[in-house]
Each structure stands twice: as C-alpha cells, then as structure tokens.
Amino acid sequence: MNKKGPLYAMFFSLFLLLPGCGSLTVLNPQGPAAKTLSDTIILSILVMLGVLAVVYILYIIMLVKYRAKKSNEGYIPPHEEGNKWLEATWIAIPIIIVAFLSVVTVRTTNAVENVPADYKDQKPLVIYASSSNWKWHFSYPEEGIETVNYVNFPVNRPVEFRLYSFGPIASFWIPQLAGQKYAMSDMTTYLNLVAETQGDFLGRNTNFSGKGYAQMEFTATSMSSDDYDKWVNDVKSTASQLTEDKFKSLLATAHVGRETFSSTHLTFSPPPGEHSEHMDMDHSNMDHSNMEMDNNEHSHQSN
Amino acid sequence: MNFDLEKFKVHGEPLIYGAMISIALASIGIVVGLTVFRKWGWLWREWLTTVDHKRIGVMYILAALLMLFRGGIDALMMRLQTAAPDMKFLDAQHYNEVFTTHGLIMILFMAMPFIIGLMNVVVPLQIGARDVAFPRLNAVSFWLFFFGAMLLNISFVIGGSPDAGWSAYFPLASLEFSPTVGNNYYSLALQISGIGTLITGVNFIVTILKMRAPGMKLMRMPMFTWSVLITNVIIVFAFPVLTVALALMMFDRLFGSQFFTMANGGMDMLWANLFWVWGHPEVYIVILPAFGIYSEIIATFSKKNLYGYTSMVASMLIISLLSFVVWAHHFYTMGQGVMVNSFFSISTMAIAVPTGVKIFNWLFTLRKGRISFTTPMLYSLAFIPIFTIGGVTGVMLAMASADYQYHNTMFLVAHFHYVLIPGAVFAVIAGFHYWFPKVFGFRLNERLGKHAFWWIIISFNVAFFPLFILGLMGMTRRMYTYSAETGFGPLNMISFAGALGLAIGFAILVYNIYWSTRYMPRDKTGDPWDARTLEWATHSPIPEYNFAVVPNVKSLDAFWAMKYDKQPLFEDQITKIHMPSNTGKPFVLGVVFFFLGFFLVFSMWIPAIVAGIGVLIVLAAMSFDRDHGFYIPADKVIKTEKKLGGGTL
Ligand code: HEM
Ligand SMILES: [Cu+2]
Ligand SMILES: [Cu+2]
C-alpha cells in the first residue's frame, strides 16, 4: 500500500506547478470578478490540502504500524467502542473549517453577483447576450448595434451582460473575466464583469445544448474606450440593419461566423422577463441593485 | 396506428452494425447453448422463476457486471474520441448518445443494481432471516429492473439512444430539440426499472424492521444492514419524485403536454429541480451501502470491532437527511441569487462533517489492529485516500462562487468519478470478493485479485486526475472534440491511457472469476475470512433456508462472540421450515412491461394498449394467487445439514 504515497506526491506537485505556466485559464484572471474566484479557489485548495495531509498522515501511520507481520503473530487486537473526546475533535474541527469556508462563499458569491467594488460609481455598459442553436447574439441597446459570435467592450468599465436563450439552456462563460451564468428561454439572468487588461478572451457555452455544442465559442475583446467608440461608430456607419427576416434566418441557421449589424433584435424580439416562477423563495433577494442605475433599459417587460 | 419501419432504423455506422452483430451473435449463442445442453427447463425452474433472495441477488450482480462492461466500452470510446484534438472516431451525435447512456447505465443499471444484488444476498443472512419480507415482490423488482435495462440497451440499435445527457435537461430533451425516440426510451426505461427499485425499497425496509432474528436490536445490526436500511428509506422518499418527473416528461414527449417546453408557460428549470431532487439522493443511494460494505471489511481484516459504531450510524442518518436539501448545488449558475446559493452551499458543505466522521472512524478501526491485506481489504483501504480527494473537491465545488468557474467543466467530471468509483465501484468489487466464497463456496484467487487491484487503482488516477487540471484549463464536459490550440490534447491522451489501464484491470478481474471457478479449492468452513457477522454462521454455499435454526442474538458481531466468547448462537431445535414457492409471473410481468415500454417509445398505440391490458392481467393473476408456499420437513433439513457438514450444528 505504501507504494501509493509517492504517486500522490507526484500528482500533487504536478498540480501545484502548473499554475506557474499560466495555462490554467481559471487561475489566470484578467478582471476583478475572476480574480475573486481565482483567489477563492486557491484558498480552498490550500485548506483542502491541509485536510488531505491530516488524513494521509494518519492513514500511513495506521498501515505501517498495524500491519499483520510475523512478529505480531499471536497479537489479539483490543475491543474498542470509541472515544468521546476523539470523536468530538473530528466533529468540531470540520465544523470550524466548513464555517470558515461558508463565510468565504457567501462573501465572494455576493461580490461576484454585483458590480466589482472599485467600479461601483461607473454606469455599467449593458449588453444582451442570447444564444440560439450554437451561436451567441450580442445586442448593445445603448449603441443600437448587434454582433454575432464576438463581443467588444471597453477595458476598465463594468459590463452587465443580460443573458437569455432562444432554445436549450446555455451557460455563458468567459473564464478569465468572470464565472458563468445560465441563459434560459424563460427569463433573463445577469452577469457582471470588468476586464482590466486589453486583449482577446475566449468565451463559450458550457451547458450541453446538442450537436453543435462543442463549437459554440465566441471571442470577447476588451479595448481602450477610444478604440471602442471608434469601433461603434464604424459599425453604425458601415454595417447593415438587422431586419426581422434577417434575424429569423440567423436563428434558423446552426452555425454562423462573425456578423455585425447597425441595429438590434431587441425591438422586435424583446427578451423574457426577469427570474420569476422558479425558486421563488428568493425573489426578494435577487441582487440587481446595479440595474436600478440604468432606468432606460430595465427589463421587466414580459412577453 | 401508423407503422413506419424507418423509425426503427439507425443509419449507416460501423459501430451500430458492430453492436447489432454482437447482440445477434450473443443471443443466438445463448439460445443454441441452452438448447444443445438441454438447459431451458433448468434455466426456467432454477433461475427465471426463483424467489430465493440469494439467487435474485446473483442475477442482479450478473446483470450489473454486464452493464459495467457496456458502460465501460462507452467510456473507452469517449476517451478515445477525446484522446487527441480533432479526432474523427465518433461524430457529435454518437458522442452525445454515448455519454448519455454511459452515465445512465453506470448509475442506474450498474452501480445501483450491483448494490441491490449484494444487499439481496447479504442482508437477510446478516439479520438471521430466512428470506426478505416479500420474496415474490423481490422477483418483480428484479425483472422490472432487468427489462428496463434491456429496453434502454436496445435503443442503440433500434431507433437511437437518448442524447441529451443523463440529466436530460429541458428544453433540450423536448421533442422540439431531440426529435428522435431516444428520450422516449429514457422516460420509459427509467420508469420501468424505477418502479422495481421503489418496490425494493419498501421490501427491504419491512425486511429489516420486521424480520430480524430474536435479540437483534437495531443497535446490534451489522453496519452494512444499517446502511441498507437508510438507503432504502432514501429510495422510498426519492424515487416517487423521479416517477413523477418521468411521467411528466413522457406526457410532454408523447402526448404534447407542455410542462417543460419553451412556449406556453413550460418551465425548463422545473425539470432540473425535479431531476436533482431525486438525482442528488440517488448518489447517496449508491454510496451509503458502500460505506456499509467498507465497515464490514475493514473491521474483519483489522481483526477489530468497528470504531465508533454509534457515530457511524448517526452520521449516515445525518447524511441521508442532508442529501435532500442540497439539490440546487447542481445549478448555482441559474441566477437564483446570493441567498439561495448560500443556503445550498452551506448545506452541501455540511455533508463533509459526517463523512469526515466516518473516515476517521475507519482510520481508528485500523489502529491497534492486525491488518491483513486481502483483495477486498485492499480495495477498502484504497478507498480512503482516493475518496477523500473526491470529498475535498466536493467541498470546493460546493462553494457557490467557485462553482461559477467549475460548473460543467472537466473538474466536475473528475470530482464525481473520484466519488463514484471509489465510493461505489471499488465497494461493490470489494464486496464481491468478500462475499463470493459465501455464495459459491470458494474464494477468488488472491494473486490475480491483487494484480487487477493495482491495475485498477493506478489507472484510475491516471485516467481521472488530469481531468481536474483540464477543468481549470477551461475544458468543459460533454465536448466531443476540441482544437489543438486549446492545449487540452496531452492531458486527454494521458487520461485515455488510464482508461485503457482500467480496461486491463477489469479484464484481469473477469479472468480471475473464470480461473477461480475452475481451480480454486472449495471452502468447507463457511467462514474463510474469520469474519464477525451472522452471514458467516451458515454453510457455504448457503442452503435454501439460510439457517437451519434461527439464531439468538445477544450482542453486536454475534458470530464473533460465538466463536471467541463462547456465546451460544443456535439454541433451538431443528423444526420444519416454511418456504415460498417459485413463480413465473414476475418474469412474465417484466416481459409484458418491456413490450409496453417498447410500443410506447414508438407511439404504437394499439399494441401498447394490448400490452397495458396484459400488465393488468398479470397483476390481477398475481394478486389472486393462493399459493402459500410449502414446508421443508425437519428430517430433510437435518439431512441437508449433515451433508453440508461442519458448520454450526
Ligand atoms: C470505468 C471507467 C470510467 C471512465 C473511463 C469514464 C469516463 C467518462 C467520460 C469520458 C465521461 C464524459 C465526459 C464528458 O465528455 O462530459 C463520463 C461521464 C459520466 N460518467 Fe463515467 N467513466 C467511468 C466510470 C463511471 C462510473 C463507474 C460511473 C458511475 C457509477 C460513471 C458515471 C458517469 C456519469 C454520471 C457521467 C455523466 C454523463 C453525462 O454527462 O450525462 N462513470 N465518464
Ligand atoms: Cu428559467
Ligand atoms: Cu448533488
């Protein structure tokens, strides 16, 4: 059995070395929300390594010390009912660990559900992201433009994604910028993020949605606000309008490449209402305080 | 009725033709074999009509082993397809069908029946009973499970398998987005076998509560029996939810109702809630009995009683309660707000506390023991460090915020295999090696057993550890392919190598069964491991009446007390023994249910109605059955006992 010790040691050192290479997307955040999550994950890994260490050390001691060998041939193990104090210890310590992690969870969940703390005084840029078949539509209500399978936004400015779906449940994820959130057909969900570096980030759907699911990716690009304004103006002056017919044919197609339009589908195909029927117990706690700030596009319309 | 042959066909794929040919060949082989060796009568009398809990248990285990191989081949195909970027082995549709059926088969038709099989064999013996409370109902349970499993298995060649994942989220699983009959199979195959499971639940609760030998108080029950009791209580609470969910799904798909659709007020997340209200407890249905199995084995091979018996029982009770209040951790990302997510986070993490209690109690059972490393003990010992990894990553996933980054990634896939494989598969393999000599009268070969063990344990880690890292690299689950730029290739290749190693390990295990059947010496003692609990107090193989004399239990580990404290166990005289008679009706019921399910899958209404009436007729025939069983006369019992020799009389 003790052959396994080194094996695990090897695995874990591998596990700990890898973040150094930066290939662990999730632990290589480029914005405050993803940073919070990455810190949470690393903290939990460290705590859990502590737990593992205790179990493994005890385990190895037991196996080495009490194995049947020639020298203890006649040994008759004692009868042991248990021990109040020992058992209380291994109830109490895990409770403390779980309580600690619970506090961390509640705080970090609250943090990433809202506009990141340092950006609270800025008005978020609202972008609707909706899924259909195996593509993503991005509508910018303020700018009156729409893109498919790529999304641009300014760096260092809060972005509020409003998510919904024209089909199966999808999950919207840009791992280096924020955790994911479902896009569903019957309600709108919200995702806040800020990018603190300029660049291209891979985004994708993580919730299985049929045949073309593996290819359901998009690029999220954060750029300086000047570049962003220039891009918006470009789109407005050069791209064609998104007509209802054009939108319907887009919806019907399985995969498309990048598309750009100088109007949005929100006018003729409004998004569903807010989270309503499901999980009602919590409705009052839906924290969208940030939404109240942009009264022009509040999404309580029902369809 | 519109009969359209096209609906049955699954088109042009070497894999499917391969499957068809192997199914056909295997069936022909079985039919020819039975005919040539004139075994039809034997098969019918001894097995298909049996109501003996031991034989039903053996049939469950055989079916589960078969399903382990079916699910294992699925797993190999998936791992091969993702072993390198842009592989062309399976197309998207196939990959989707394969991971869906892999998940379904492994959980519902492998892990659970394997456990139900072991509990059928062992529990009545552990509590000193002659059989379960309702032996004929037990046969009904088995045949419903069996034909439910068969119904799902033929989907690959007739009509197409379900392809919306084992969790079948709506609206993806609706007619609109999954137009093949695959998800009809899902709703009907699970429904039929689920009814069987629910009946098992009732049967075993009654058995354990009502049929214990005199003196066996609840707190003198062996830990495996305790785990089975709690498991069956979970079954009785959880399975009705599945029944309802599947019925609604069937209405949506077959009769155009709109419970979970996109339009007309359907609620997609209602399905997710119903599914996981059943699905999370389901995980504990397969894992709690494993805890029971490990408790028996670790105590036996440490030559010690189980440490902290009371807290072991209490922790299982707490786990079973908590298992019902954590389901929403499967969709933290649904946008349900900080409050709800926090509640489910904390309740989920709380499960770590009673689980930790169990781990430490096992470790302290080893302390001061005299540990011998037999094959069943090796699996039980390997369980501790590996399952702990599954457990701590479970706590990591339970943190709602962090889960926003893990959800639906390979990290999750790694986690649940780290829980399910040590927590269910190693346990049933350990239990299989441990109780095998009781049922068949000889041990499995230890050398081959250890070979298989090392292959399985090492390959398991090679196959699944890389997936944690892949998850953190951003690889999501259920992706049939990925491009080279993602950098996912190398780790997936390592994982594939691990899967191959696992296959080799399982092959050695099967070879061991074959080899041992032929060459292992027979065991006359009935107690080859020097074990502690009642099932070892009878002969091996076990006579049909289990115990010639009902034991009088005076302590925990009563058999151990008899052996080493000279505490008398069998004090009564041999008298005539009442036994239930065999019946073919449960088998027939299974067959009729199979056809009912099949016709419903294809919306063939008239045959379905006929089969439905058939079900009612068989049920009526069963309820008017006046057969009250028979008695084995005392002198015949005495003769059998003499012949089996040794033993306890
Ligand atoms: C024996 C070796 C096994 C291997 C190599 C293996 C491999 C895999 C793979 C590659 C996937 C799909 C990953 C993806 O693309 O999302 C998967 C999914 C799954 N496996 Fe296993 N598996 C094994 C055993 C088991 C066992 C024993 C169980 C349960 C007791 C199990 C339960 C599941 C479930 C529930 C899923 C999810 C299916 C879904 O996504 O709908 N697996 N497994
Ligand atoms: Cu919803
Ligand atoms: Cu769960």
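Below, chains carry the letters A, B, ... as their sequence lines are ordered, and counting in each starts from 1. Because only heavy atoms are used, hydrogens play no part in the values below, and waters and symmetry mates are left out as well, while side chains stay in.
Proximity to chain B (any heavy atom under 4.5 Å) is shown, for Phe172(A), by neither the backbone nor the side chain. Both the backbone and the side chain of Gln180(A) have a heavy atom closer than 4.5 Å to some heavy atom of chain B. Heavy atoms of Lys65(A) lying under 4.5 Å from chain B are absent altogether. Of the two parts of Phe170(B), only the backbone, made up of N, CA, C and O, holds a non-hydrogen atom closer than 4.5 Å to a non-hydrogen atom of chain A. Neither the backbone nor the side chain of Leu191(A) comes within less than 4.5 Å of any heavy atom of chain B. Heavy atoms of Phe488(B) lying under 4.5 Å from chain A are absent altogether. For Ala350(B), the part lying under 4.5 angstrom from a heavy atom of chain A is the backbone only. Looking at Arg204(A), the atoms closer than 4.5 Å to chain B (heavy atoms on both sides) all sit in the side chain, from C-beta outward. Proximity to chain A (any heavy atom under 4.5 Å) is restricted, for Val395(B), to the side chain, taken from C-beta onward.
More than 12 non-hydrogen atoms from other residues, nucleotides or ligands lie less than 6.0 angstrom from NZ of Lys358(B). Surrounding NZ of Lys450(B) are more than 12 heavy atoms belonging to other residues, nucleotides or ligands, all under 6.0 Å away.
Heavy atoms only, all atoms of each residue included: Pro168(A) and Pro171(B) are closest at CA-CG, 3.8 Å. What you find for Ala382(B) and Tyr59(A) is that their closest heavy atoms are N-OH, 4.0 Å. The two residues Ala402(B) and Leu37(A) have their closest heavy-atom pair at N-CD2, 4.2 Å. Taking both residues in full, the closest heavy atoms of Val26(A) and Gln405(B) are given as CG1-CB, 3.9 Å, listed atom of the first, atom of the second, then distance. Closest approach of Pro78(A) to Lys368(B), counting heavy atoms only: CD-O, 3.4 Å. Nearest heavy atoms, Phe177(B) versus Gly167(A): CZ-CA, 3.5 Å.
Contact tally against chain A (heavy-atom pairs below 4.5 Å) for Glu176(B), Arg367(B), Lys304(B): the top residue is Arg367(B). Put simply, of Ile95(A), Thr105(A), Val54(A), the one with the most heavy-atom pairs under 4.5 Å next to chain B is Thr105(A). The candidate from Pro94(A), Ala33(A), Ala68(A) with the greatest count of non-hydrogen atom pairs under 4.5 Å with chain B is Ala68(A). Across Ala400(B), Gly369(B), Gly308(B), Gly356(B), the residue that shares the most heavy-atom pairs under 4.5 angstrom with chain A is Gly369(B). Contact tally against chain B (heavy-atom pairs below 4.5 Å) for Val55(A), Ile97(A), Val112(A), Val104(A): the top residue is Val55(A). Ranked by heavy-atom pairs under 4.5 Å with chain B, the list Val51(A), Ile93(A), Thr108(A), Val47(A) is led by Thr108(A). Counting heavy-atom pairs under 4.5 Å between each of Ser315(B), Gly487(B), Ser345(B), Ser311(B) and chain A puts Ser311(B) at the top. Considering only heavy-atom pairs separated by less than 4.5 Å from chain B, the leading option among Gly212(A), Ala178(A), Ser165(A), Ser38(A) is Ala178(A). Contact count against chain B (heavy-atom pairs under 4.5 Å) is highest for Asn72(A) among Ile91(A), Val98(A), Asn72(A). Taking Leu306(B), Asp403(B), Thr388(B) one by one and counting their heavy-atom pairs under 4.5 Å with chain A, the maximum is reached by Thr388(B). For the set Asn305(B), Thr310(B), Ile346(B), Val392(B), the entry with the most heavy-atom pairs within less than 4.5 Å of chain A is Asn305(B).
Thr409(B) is listed as a side-chain neighbour of Trp173(A), based on a closest heavy-atom distance under 4.5 Å. Contact of the Arg477(B) side chain with the Phe208(A) side chain is not registered, since no non-hydrogen atoms from C-beta on lie closer than 4.5 Å. The closest side-chain heavy-atom distance from Ile76(A) to Tyr564(B) is not below 4.5 Å. With a 4.5 Å cut-off on side-chain heavy atoms, Thr481(B) and Gln215(A) count as touching. Two residues are said to be in side-chain contact when any heavy atoms from C-beta on lie closer than 4.5 Å; Met396(B) and Ile45(A) meet this criterion.
Side-chain contact annotation: Tyr213(A) with Thr476(B), donor-acceptor N/O pair under 3.5 Å present.
Using a 30° and 60° split on the angle between ring planes, Trp90(A) and Tyr307(B) fall in the tilted class, from 30° to 60°. Ring planes of His407(B) and Tyr182(A): tilted class, angle from 30 to 60°.
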- Task: Under the side chain to side chain contact (heavy atoms under 4.5 Å, CB included) rule, what do Tyr169(B) and Asn207(A) come out as? Steps first, then yes or no, please.
- Result: CA-CA 10 Å; Tyr169(B) 272 15; Asn207(A) 199 64; 4.2 Å; yes
- Go through the steps for Leu172(B) and Ile169(A) under the test side chain to side chain contact (heavy atoms under 4.5 Å, CB included), then give the verdict. CA-CA 7 Å; Leu172(B) 180 64; Ile169(A) 300 173; over 6 Å; no
- Between Tyr482(B) and Glu217(A), does a side-chain hydrogen bond (donor to acceptor under 3.5 Å, both in side chains) hold up when you go through it step by step? CA-CA 11 Å; Tyr482(B) 53 87; Glu217(A) 295 174 348; over 6 Å; no
- side chain to side chain contact (heavy atoms under 4.5 Å, CB included) between Lys303(B) and Tyr66(A), worked out: CA-CA 11 Å; Lys303(B) 291 272 173 283; Tyr66(A) 302 108; over 6 Å; no
- Query: How far apart are the C-alpha atoms of Asp268(B) and Ser185(A), what are their side-chain angles, what is the distance that settles it, and do they pass the side chain to side chain contact (heavy atoms under 4.5 Å, CB included) test?
  - Reply: CA-CA 8 Å; Asp268(B) 49 6; Ser185(A) 64; 4.1 Å; yes
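Side-chain N or O atoms of Arg370(B) include one that pairs as donor or acceptor with a backbone N or O of Lys69(A) at under 3.5 Å.
Looking at Leu363(B), Ile359(B), Leu366(B), Ile384(B) one by one, the single match for side chain to side chain contact (heavy atoms under 4.5 Å, CB included) with Leu58(A) turns out to be Leu363(B).
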